[in-house]
Amino acid sequence: MKSRYQNRIYPTDQQRKDLAKVFGCVRVVWNDALALCKKSQKLPSNGDLQKICITQAKKTRERAWLGEVSNIPLQQSIADLGVAFSNFFASLKGKRKGKKVNSPRFKKRTNRQAARFRKGGFSIKADKVFLAKIGCIKTIWSRPLPSEPSSVTVIKDTTGRYFLSFVVEIGPEIKPAPNQSIGIDL
(Lines give C-alpha, C1' and ligand atoms only; values in the text may rest on other atoms or scores of the structure.)
Protein backbone atom coordinates (compact mmCIF):
# COMPACT_ATOMS: atom_id res chain seq x y z
CA MET A 1 0.00 0.00 0.00
CA LYS A 2 1.29 3.47 -0.85
CA SER A 3 1.25 6.39 1.54
CA ARG A 4 2.29 10.06 1.43
CA TYR A 5 4.54 11.82 3.89
CA GLN A 6 4.69 15.60 3.62
CA ASN A 7 7.51 17.71 5.07
CA ARG A 8 8.17 21.44 5.10
CA ILE A 9 11.26 22.72 3.27
CA TYR A 10 13.11 26.02 3.37
CA PRO A 11 14.84 26.65 0.04
CA THR A 12 17.44 29.39 -0.36
CA ASP A 13 16.74 32.40 -2.57
CA GLN A 14 18.56 30.78 -5.51
CA GLN A 15 16.68 27.52 -5.00
CA ARG A 16 13.39 29.45 -4.96
CA LYS A 17 14.31 30.91 -8.36
CA ASP A 18 15.24 27.46 -9.67
CA LEU A 19 11.98 25.98 -8.33
CA ALA A 20 10.03 28.81 -9.96
CA LYS A 21 11.67 27.86 -13.28
CA VAL A 22 10.74 24.22 -12.76
CA PHE A 23 7.14 25.09 -11.85
CA GLY A 24 6.87 27.35 -14.90
CA CYS A 25 8.32 24.75 -17.26
CA VAL A 26 6.04 22.01 -15.89
CA ARG A 27 3.04 24.31 -16.32
CA VAL A 28 4.02 25.24 -19.91
CA VAL A 29 4.62 21.61 -20.92
CA TRP A 30 1.26 20.57 -19.38
CA ASN A 31 -0.58 23.41 -21.15
CA ASP A 32 1.14 22.75 -24.50
CA ALA A 33 0.35 19.03 -24.30
CA LEU A 34 -3.26 19.70 -23.26
CA ALA A 35 -3.74 22.15 -26.15
CA LEU A 36 -2.31 19.54 -28.54
CA CYS A 37 -4.67 16.87 -27.14
CA LYS A 38 -7.70 19.14 -27.49
CA LYS A 39 -6.81 19.94 -31.13
CA SER A 40 -6.23 16.36 -32.25
CA GLN A 41 -8.93 13.90 -33.27
CA LYS A 42 -7.34 10.98 -31.42
CA LEU A 43 -5.54 11.29 -28.07
CA PRO A 44 -1.75 11.18 -28.73
CA SER A 45 0.41 8.77 -26.73
CA ASN A 46 2.63 10.00 -23.89
CA GLY A 47 5.71 9.27 -26.00
CA ASP A 48 4.44 11.39 -28.88
CA LEU A 49 3.56 14.23 -26.51
CA GLN A 50 7.05 14.08 -24.96
CA LYS A 51 8.68 14.25 -28.40
CA ILE A 52 6.62 17.26 -29.45
CA CYS A 53 6.22 19.21 -26.21
CA ILE A 54 9.65 18.59 -24.67
CA THR A 55 12.28 17.34 -27.14
CA GLN A 56 11.26 19.32 -30.22
CA ALA A 57 10.17 22.36 -28.17
CA LYS A 58 13.67 22.65 -26.64
CA LYS A 59 15.10 23.05 -30.14
CA THR A 60 12.93 26.10 -30.91
CA ARG A 61 13.95 29.62 -29.96
CA GLU A 62 10.68 30.28 -28.06
CA ARG A 63 11.04 27.24 -25.77
CA ALA A 64 14.84 26.85 -25.51
CA TRP A 65 14.62 27.69 -21.79
CA LEU A 66 13.03 24.27 -21.17
CA GLY A 67 16.58 22.88 -21.28
CA GLU A 68 17.55 24.81 -18.12
CA VAL A 69 15.56 22.48 -15.86
CA SER A 70 15.65 18.73 -15.25
CA ASN A 71 13.82 16.58 -17.79
CA ILE A 72 12.26 14.37 -15.11
CA PRO A 73 9.51 16.75 -13.88
CA LEU A 74 8.67 17.65 -17.50
CA GLN A 75 8.19 13.98 -18.39
CA GLN A 76 6.14 13.46 -15.22
CA SER A 77 3.90 16.35 -16.25
CA ILE A 78 3.07 14.54 -19.51
CA ALA A 79 2.51 11.27 -17.60
CA ASP A 80 0.20 13.05 -15.15
CA LEU A 81 -1.78 14.46 -18.07
CA GLY A 82 -2.19 10.93 -19.45
CA VAL A 83 -3.48 9.75 -16.05
CA ALA A 84 -5.87 12.71 -15.90
CA PHE A 85 -7.31 11.81 -19.31
CA SER A 86 -7.64 8.12 -18.43
CA ASN A 87 -9.46 9.04 -15.19
CA PHE A 88 -11.76 11.35 -17.16
CA PHE A 89 -12.61 8.69 -19.75
CA ALA A 90 -13.09 6.01 -17.06
CA SER A 91 -15.42 8.41 -15.25
CA LEU A 92 -17.44 8.98 -18.44
CA LYS A 93 -17.86 5.23 -18.95
CA GLY A 94 -18.80 4.65 -15.31
CA LYS A 95 -15.77 2.45 -14.61
CA ARG A 96 -14.45 4.84 -11.95
CA LYS A 97 -15.99 4.95 -8.48
CA GLY A 98 -16.97 8.22 -6.88
CA LYS A 99 -18.17 11.45 -8.40
CA LYS A 100 -17.61 12.30 -12.06
CA VAL A 101 -14.20 13.67 -13.01
CA ASN A 102 -13.97 16.70 -15.29
CA SER A 103 -11.63 16.82 -18.26
CA PRO A 104 -8.11 18.14 -17.56
CA ARG A 105 -7.81 21.92 -17.38
CA PHE A 106 -5.07 24.35 -18.22
CA LYS A 107 -2.78 25.23 -15.32
CA LYS A 108 -2.54 28.79 -14.03
CA ARG A 109 0.33 30.66 -12.44
CA THR A 110 -1.76 31.73 -9.44
CA ASN A 111 -2.80 28.27 -8.25
CA ARG A 112 -0.79 25.81 -6.20
CA GLN A 113 2.43 24.89 -8.03
CA ALA A 114 3.83 21.35 -8.06
CA ALA A 115 6.57 19.35 -9.78
CA ARG A 116 7.15 15.63 -9.31
CA PHE A 117 10.57 13.97 -9.35
CA ARG A 118 10.83 10.19 -9.68
CA LYS A 119 13.83 7.96 -8.94
CA GLY A 120 17.01 9.35 -10.43
CA GLY A 121 15.83 12.93 -9.98
CA PHE A 122 16.20 13.06 -6.21
CA SER A 123 18.10 11.52 -3.31
CA ILE A 124 17.95 11.83 0.46
CA LYS A 125 21.15 12.85 2.25
CA ALA A 126 20.92 13.10 6.06
CA ASP A 127 18.65 16.08 6.82
CA LYS A 128 18.60 17.37 3.23
CA VAL A 129 17.01 16.27 -0.03
CA PHE A 130 18.92 16.62 -3.30
CA LEU A 131 16.82 17.52 -6.37
CA ALA A 132 18.26 17.38 -9.90
CA LYS A 133 19.46 20.80 -11.16
CA ILE A 134 18.30 22.47 -7.91
CA GLY A 135 20.65 21.15 -5.23
CA CYS A 136 20.33 20.12 -1.59
CA ILE A 137 17.30 21.61 0.13
CA LYS A 138 17.04 21.91 3.90
CA THR A 139 14.12 19.75 5.05
CA ILE A 140 12.29 19.73 8.38
CA TRP A 141 11.62 16.06 9.12
CA SER A 142 8.50 15.63 11.24
CA ARG A 143 8.96 11.85 11.27
CA PRO A 144 11.22 9.32 9.54
CA LEU A 145 10.13 7.67 6.30
CA PRO A 146 9.21 3.98 6.72
CA SER A 147 10.87 2.99 3.43
CA GLU A 148 12.67 4.38 0.39
CA PRO A 149 10.38 6.83 -1.48
CA SER A 150 9.42 6.08 -5.09
CA SER A 151 8.80 9.74 -5.95
CA VAL A 152 8.83 13.18 -4.38
CA THR A 153 6.61 16.13 -5.26
CA VAL A 154 7.78 19.68 -4.59
CA ILE A 155 4.78 21.83 -3.73
CA LYS A 156 4.44 25.59 -3.38
CA ASP A 157 1.06 26.52 -1.93
CA THR A 158 -0.77 29.78 -2.58
CA THR A 159 0.69 31.36 0.58
CA GLY A 160 4.28 30.79 -0.60
CA ARG A 161 5.19 27.86 1.66
CA TYR A 162 7.20 24.97 0.21
CA PHE A 163 6.69 21.27 0.94
CA LEU A 164 8.09 17.92 -0.15
CA SER A 165 5.56 15.11 -0.47
CA PHE A 166 7.11 11.63 -0.52
CA VAL A 167 5.33 8.53 -1.85
CA VAL A 168 6.45 5.45 0.09
CA GLU A 169 5.41 1.83 0.08
CA ILE A 170 4.18 0.60 3.45
CA GLY A 171 3.21 -2.92 4.41
CA PRO A 172 -0.31 -3.70 5.54
CA GLU A 173 -0.74 -3.49 9.29
CA ILE A 174 -1.82 -6.76 10.82
CA LYS A 175 -4.35 -6.04 13.52
CA PRO A 176 -4.99 -8.71 16.11
CA ALA A 177 -8.49 -10.11 16.21
CA PRO A 178 -10.63 -8.53 18.95
CA ASN A 179 -11.58 -11.94 20.38
CA GLN A 180 -8.36 -13.91 20.76
CA SER A 181 -9.81 -17.32 21.44
CA ILE A 182 -8.45 -20.56 20.07
CA GLY A 183 -10.67 -23.47 19.06
CA ILE A 184 -9.41 -27.03 19.48
CA ASP A 185 -11.17 -29.94 17.82
CA LEU A 186 -10.78 -33.20 19.77
Side-chain angles (χ1 to χ4, degrees), residues 1-4 6 9 11 15-122 131-134 149-169:
M1 180 169 69
K2 293 188 179 191
S3 182
R4 277 196 180 273
Q6 187 165 314
I9 59 171
Q15 289 171 339
R16 287 176 196 261
K17 290 177 186 175
D18 293 340
L19 286 172
K21 279 184 191 178
V22 171
F23 295 145
C25 290
V26 166
R27 185 178 60 250
V28 165
V29 167
W30 171 282
N31 289 343
D32 288 349
L34 183 57
L36 194 66
C37 289
K38 290 192 179 220
K39 284 181 191 174
S40 63
Q41 297 281 333
K42 185 183 172 204
L43 190 66
S45 70
N46 286 354
D48 293 339
L49 288 173
Q50 284 183 13
K51 285 178 193 172
I52 296 167
C53 298
I54 300 173
T55 309
Q56 292 176 1
K58 283 181 183 179
K59 295 176 183 175
T60 65
R61 180 176 285 161
E62 299 85 29
R63 299 271 194 257
W65 42 266
L66 287 174
E68 296 175 9
V69 300
S70 176
N71 239 5
I72 294 171
L74 304 180
Q75 293 169 349
Q76 282 302 126
S77 180
I78 300 278
D80 292 343
L81 181 63
V83 169
F85 269 114
S86 66
N87 287 341
F88 170 64
F89 292 132
S91 178
L92 283 179
K93 294 177 184 175
K95 293 181 180 178
R96 190 172 190 278
K97 293 181 181 179
K99 66 178 189 172
K100 297 285 183 191
V101 177
N102 292 332
S103 65
R105 297 181 184 166
F106 291 100
K107 291 190 177 189
K108 297 179 186 176
R109 204 179 278 181
T110 57
N111 294 348
R112 179 185 144 219
Q113 304 286 316
R116 189 153 41 106
F117 291 80
R118 64 179 190 279
K119 289 262 189 198
F122 75 96
L131 297 174
K133 290 196 176 181
I134 293 172
S150 60
S151 71
V152 63
T153 305
V154 184
I155 302 167
K156 179 186 176 193
D157 64 8
T158 54
T159 61
R161 297 178 301 173
Y162 291 85
F163 298 93
L164 287 179
S165 180
F166 298 94
V167 176
V168 295
E169 187 74 31

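Nothing here was measured: the structure is a model prediction, and the numbers come from that model. These values consider heavy atoms only, across backbone and side chains, with no hydrogens, waters or symmetry-generated copies. Throughout, residue positions are numbered sequentially from 1 according to the sequence presented.
Proximity of a side-chain donor or acceptor of Gln113 to a complementary backbone N or O of Lys108 within less than 3.5 Å is detected. With hydrogens and angles ignored, the 3.5 Å screen pairs no side-chain donor or acceptor of Glu169 with any backbone N or O of Pro149.
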Yes or no on side-chain contact (heavy atoms from CB on, under 4.5 Å) for Val154 and Phe122, after CA distance, side-chain angles and deciding distance?
CA-CA 11 Å; Val154 184; Phe122 75 96; over 6 Å; no

Decide yes or no on side-chain contact (heavy atoms from CB on, under 4.5 Å) for Lys156 and Leu19, but give the supporting numbers first.
CA-CA 9 Å; Lys156 179 186 176 193; Leu19 286 172; over 6 Å; no

Apply side-chain contact (heavy atoms from CB on, under 4.5 Å) to the pair Val69 and Lys133, showing each step before the final yes or no.
CA-CA 6 Å; Val69 300; Lys133 290 196 176 181; 5.5 Å; no

Show your working on side-chain contact (heavy atoms from CB on, under 4.5 Å) between Val29 and Ile78 and close with a plain yes or no.
CA-CA 7 Å; Val29 167; Ile78 300 278; 3.6 Å; yes

Applying side chain to side chain donor-acceptor pair (under 3.5 Å), run through Arg116 and Ser151 and close with a yes or a no.
CA-CA 7 Å; Arg116 189 153 41 106; Ser151 71; 4.5 Å; no

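Atom-to-atom distance recorded for Leu81:CG and Asn46:CG is 7.5 Å, nearest 0.5 angstrom. Rounding to the nearest 0.5 Å gives a distance of 8.0 Å between CD of Gln75 and OG1 of Thr55. Between atom NZ of residue Lys42 and atom OG of residue Ser45 there is a gap of 8.5 Å, rounded to the nearest 0.5 Å.
Around NZ of Lys119, the count of heavy atoms belonging to other residues, nucleotides or ligands within 6.0 Å exceeds 12.
Taking the six-membered ring for Trp and thresholds of 30 and 60 degrees, Phe89 and Phe85 have nearly parallel ring planes, at less than 30 degrees apart.
Arg96 and Asn87 get closest at one heavy-atom pair: CD-O, 3.6 Å.
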